[in-house]
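Following: one structure in structure tokens, then a few remarks.
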Amino acid sequence: MADISSIERRKLERLFRMGSGYVLDFSDRTFSEFFEEHTRRNIDAAVYRERGTSKANRLRGFWAVEGNHLVGKVIQALILYGQAEDCLPDEPGLTDLTKDCWNLGERMLRDMPVAELDALTATADERDFETVAQHVREAIEKNQPEAALDRLHTFVIKYLRTVCSHRGVEINRDKALHSIFGEYVKRLRDAGLLESLMAERILKSSISVLEAFNDVRNNQSLAHDNPILNYEESLLIFNHVASSVRFIKSLEARTEPTKPSKSNAGLDDNLPF
């Protein structure tokens with residue numbers, strides 16, 4: 001359930017013009033398309049209709065079912081839609097109301113059970129890689145890490161094979177993943193890219209972690225007909241993997257040739273209020 005106070009709820013309902021069962025100027029069709037595009041959720045599903053079938057009640061149902069991060073994403077997307085279509089309410093104080101609701105969405109977007117979720121994105125132009133990454137992120141957005149351990153394992157395999165290949169580590173199906181990663185860490189050390197012994201030891205500890213992940217995937221995930229691992233340990237695995245991926249992505253980025261960056265001028269002009 002999203003963490004929205006009664007006062008915040010009233011502000012959202014005013015901004016999105018929900019008093020008569022509607023949401024902004026959406027039809028049933030465009031409302032469904034909006035949620036498919038922004039959340040990959042079917043807003044017509046029964047789980048969102050327990051409060052009623054109107055668009056406003058389905059949105060309230062969405063707030064009641066989904067976690068903070070995904071609800072925050074929808075709040076901001078609805079604000080941007082309302083501004084683009086000029087269908088926000090015409091009333092005094094609209095700017096302040098919009099800003100309050102935008103800030104609510106911003107706060108909710110920061111509330112993630114996996115702090116480094118953005119690191120879990122595809123790094124190669126492969127459709128199946130992006131699909132796996134998307135499934136992993138959706139599971140975390142719903143706060144269900146235990147339901148995606150098998151896909152996280154697939155993501156890790158694809159990601160580490162990409163970075164190891166980039167560093168010249170030989171990749172083949174006969175070589176275990178943790179062995180490949182061990183060679184990758186050695187390449188980093190030999191190239192002088194690790195500035196502390198502690199960082200090297202942390203990465204080396206991930207070698208045995210990856211070896212243990214194989215057992216979790218095979219015996220405690222939905223990869224097979226298994227009893228799945230408990231929530232707390234699943235979340236620990238997700239956070240460890242995401243933190244490691246974030247570090248490796250950062251290291252790879254700073255050791256690449258410097259690319260010219262775009263100017264930040266005018267970014268403040270893009271705020272939605």
Side-chain angles (χ1 to χ4, degrees), residues 1-114 117-118 121 130-131 133-144 264 266-273:
M1 174 182 290
D3 180 20
I4 305 176
S5 71
S6 59
I7 293 175
E8 291 167 337
R9 187 180 299 273
R10 286 195 291 272
K11 287 182 177 181
L12 290 172
E13 296 205 1
R14 278 176 54 204
L15 184 64
F16 300 146
R17 299 165 54 190
M18 296 169 60
S20 300
Y22 295 96
V23 175
L24 299 176
D25 67 348
F26 287 107
S27 66
D28 283 333
R29 178 183 59 80
T30 59
F31 195 55
S32 299
E33 290 173 349
F34 175 89
F35 274 87
E36 174 63 27
E37 176 184 354
H38 291 280
T39 71
R40 295 179 182 265
R41 300 290 193 273
N42 176 13
I43 196 63
D44 300 320
V47 67
Y48 304 126
R49 301 167 74 100
E50 292 187 2
R51 296 166 180 256
T53 60
S54 71
K55 287 181 284 293
N57 277 329
R58 278 179 280 159
L59 182 55
R60 294 181 185 109
F62 184 84
W63 296 342
V65 170
E66 301 294 350
N68 279 356
H69 184 85
L70 192 57
V71 170
K73 180 180 179 180
V74 167
I75 287 171
Q76 291 193 339
L78 284 171
I79 291 172
L80 293 175
Y81 172 87
Q83 292 177 326
E85 298 297 322
D86 194 24
C87 58
L88 294 177
D90 183 13
E91 62 176 68
L94 175 60
T95 298
D96 288 340
L97 178 62
T98 304
K99 186 173 183 179
D100 287 348
C101 292
W102 182 269
N103 289 340
L104 169 61
E106 194 71 28
R107 170 179 67 77
M108 299 177 82
L109 280 169
R110 292 194 295 268
D111 185 15
M112 285 296 298
V114 175
L117 178 65
D118 288 345
T121 55
E130 176 53 39
T131 298
Q134 180 65 31
H135 287 169
V136 168
R137 293 195 301 273
E138 287 180 356
I140 290 302
E141 287 171 350
K142 289 180 69 68
N143 201 17
Q144 296 176 346
N264 290 329
L267 286 182
D268 291 342
D269 295 336
N270 294 327
L271 292 177
F273 41 80

Audit row: Phe62, Asn57, side chain to side chain contact (heavy atoms under 4.5 Å, CB included) steps and yes/no: CA-CA 9 Å; Phe62 184 84; Asn57 277 329; over 6 Å; no
Atom pair [atom1] ([X]) and [atom2] ([Y]), whose distance is rounded to the nearest 0.5 Å:
X	Y	atom1	atom2	value
Asp28	Lys55	CG	NZ	4.0 Å
Gln83	Leu94	CD	CG	8.0 Å
Asn42	Phe35	CG	CZ	11.0 Å
Ser5	Leu104	OG	CG	7.5 Å
Leu109	Gln76	CG	CD	5.0 Å
Lys11	Asn103	NZ	CG	9.5 Å

- request: Could you check if a side-chain atom of Tyr48 sits within less than 4.5 angstrom of a side-chain atom of Leu59, using non-hydrogen atoms only?
  value: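 Not touching, per the 4.5 Å side-chain cut-off.
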message: What I'd like to find out is whether the side chain of Ile75 reaches to under 4.5 Å of the side chain of Val71, using heavy atoms alone.
response: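 SC-SC contact between Ile75 and Val71 confirmed.
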- prompt: Under 3.5 Å, side chain of Thr39 to main-chain N/O of Arg41, donor-acceptor pair present?
  reply: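 The answer is yes, because a donor-acceptor pair under 3.5 Å joins these two groups.
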- prompt: Side chains of Thr30 and Ser27: is there a donor and an acceptor less than 3.5 Å apart?
  reply: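 Yes, because at least one side-chain N or O of Thr30 sits under 3.5 Å from a partner of the opposite role on Ser27.
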Compare every heavy atom of [Y] with every heavy atom of [X], then report the nearest pair and how far apart it is.
X	Y	result
Ile43	Arg58	O-CD, 3.3 Å
Met108	Asn68	CB-O, 3.3 Å
Gly21	Ser54	O-CB, 3.4 Å
Met18	Leu12	SD-O, 4.2 Å
Leu88	Leu15	CD2-O, 3.8 Å
Leu24	Cys87	CD2-O, 3.7 Å

Basic-acidic side-chain contact under 4.0 Å: Arg29, Glu33: yes
task: Inspect the contact between Glu91 and Arg17 and indicate whether a charged nitrogen and a carboxylate oxygen are less than 4.0 angstrom apart.
output: no
- request: Could you walk me through whether Glu8 and Arg107 pass the side chain to side chain contact (heavy atoms under 4.5 Å, CB included) test, one step at a time?
  value: CA-CA 12 Å; Glu8 291 167 337; Arg107 170 179 67 77; 3.5 Å; yes
query: Between Phe26 and Tyr22, does the ring centroid distance fall short of 6.0 Å?
result: no
- request: Please report the C-alpha distance between Asp96 and Lys99 in whole Å, then the side-chain angles of each, then the deciding distance to 0.1 Å, and finally whether the side chain to side chain contact (heavy atoms under 4.5 Å, CB included) criterion is met.
  value: CA-CA 5 Å; Asp96 288 340; Lys99 186 173 183 179; 5.5 Å; no
query: Can Tyr81 and Asp25 be said to form a side chain to side chain contact (heavy atoms under 4.5 Å, CB included), step by step?
result: CA-CA 10 Å; Tyr81 172 87; Asp25 67 348; 2.6 Å; yes
